[in-house]
Amino acid sequence: MEGDTLSSFGNGTQIDNKVVQNFQKSFVQVQNILDHNRLLINEINKNHESMVADNLSRNVGLIRELNNNIRRVVDLYGDLSSSFTKSMESSSDGDWFTGTLQSDTKKRIRSS
């Protein structure tokens with residue numbers, strides 16, 4: 001099956017290349033949104049510094065757009081997290097992820 005080639009993590013866990021491609025696509029989307037947010041923030045700051053009424057009222061729309069973009073980034077990261085968890089659970093060696101989390105939690109509990 002083409003496209004079903006497996007990629008390996010350093011610990012021997014393998015995942016489908018389609019999963020890796022979906023991760024990459026999501027990370028590119030996130031980066032594009034963050035780049036756009038940087039431009040929005042720069043424009044908002046310039047408008048604020050200008051103290052011109054039209055520029056200040058324009059900031060309302062820009063801040064709404066910024067907030068919506070932040071929500072989109074949060075959603076994308078949530079989807080990435082779910083996809084990653086599902087891919088690890090479905091891998092033949094899926095216990096490494098859960099085991100690592102459990103051992104890290106135990107370490108934190110002991111050190112508290």
Side-chain angles (χ1 to χ4, degrees):
M1 288 186 278
E2 222 174 289
D4 289 343
T5 310
L6 298 176
S7 296
S8 294
F9 284 114
N11 66 356
T13 300
Q14 295 182 334
I15 59 173
D16 190 309
N17 273 342
K18 289 179 185 177
V19 174
V20 173
Q21 289 172 351
N22 285 335
F23 287 155
Q24 289 173 335
K25 179 182 173 187
S26 293
F27 283 124
V28 167
Q29 286 178 311
V30 166
Q31 189 59 53
N32 289 336
I33 293 169
L34 294 176
D35 289 341
H36 184 68
N37 283 355
R38 184 181 327 109
L39 296 174
L40 286 173
I41 290 167
N42 287 339
E43 186 175 350
I44 290 167
N45 286 335
K46 286 178 187 176
N47 289 344
H48 181 74
E49 290 170 1
S50 76
M51 299 302 266
V52 174
D54 288 342
N55 292 346
L56 294 173
S57 61
R58 177 164 163 65
N59 274 359
V60 173
L62 295 174
I63 291 169
R64 281 191 184 123
E65 183 179 352
L66 183 65
N67 284 336
N68 287 333
N69 288 349
I70 292 169
R71 278 189 208 99
R72 286 177 51 208
V73 168
V74 169
D75 290 342
L76 284 167
Y77 276 131
D79 293 345
L80 274 170
S81 177
S82 295
S83 295
F84 183 77
T85 302
K86 287 176 187 173
S87 69
M88 290 300 104
E89 287 172 351
S90 67
S91 75
S92 60
D93 192 21
D95 292 337
W96 76 269
F97 184 68
T98 322
T100 303
L101 285 177
Q102 289 172 349
S103 65
D104 286 350
T105 304
K106 289 176 186 174
K107 287 178 189 173
R108 275 186 245 128
I109 293 170
R110 278 188 241 133
S111 64
S112 296

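Between Asn59 and Glu43 the shortest heavy-atom distance is OD1-O, 4.2 Å. The shortest heavy-atom contact between Phe23 and Phe84 is CZ-CA, 3.5 Å. The nearest pair of heavy atoms linking His48 to Leu56 is CA-CD2, 3.7 Å.
Atom CG of Asn47 and atom CG of Asn42 lie 11.0 Å apart (nearest 0.5 Å). With values rounded to the nearest 0.5 angstrom, Asn55 atom CG is found 12.0 Å from Ile44 atom CD1. Once rounded to the nearest 0.5 Å, the distance linking CG of Leu62 with NZ of Lys46 reads 12.5 Å.
Of the possible polar contacts, none joining the Ser81 side chain to the Gly78 backbone as a donor-acceptor pair under 3.5 Å is found.
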Criterion side-chain hydrogen bond (donor to acceptor under 3.5 Å, both in side chains) on Asn45 and Glu49, from CA distance to verdict:
CA-CA 6 Å; Asn45 286 335; Glu49 290 170 1; over 6 Å; no
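Placement of Leu66 and Val73 in two distinct hydrophobic clusters is found when ILVMFWY residues are connected by side-chain heavy-atom separations under 4.5 Å, directly or transitively.
Between the side chains of Arg71 and Asn68, at least one donor N or O sits under 3.5 Å from an acceptor N or O. For the residue pair Gln21/Asn17, the side-chain donor-acceptor check at 3.5 Å is not satisfied.
With Asn32 as the fixed residue, the side-chain contact (heavy atoms from CB on, under 4.5 Å) test singles out one of Val28, Val30, Leu34: Val28.
With sequence neighbours excluded, the residues forming a side chain to side chain contact (heavy atoms under 4.5 Å, CB included) with Asn69 are Ile33, His36, Asn37, Leu40, Glu65, Arg72, listed by chain and number.
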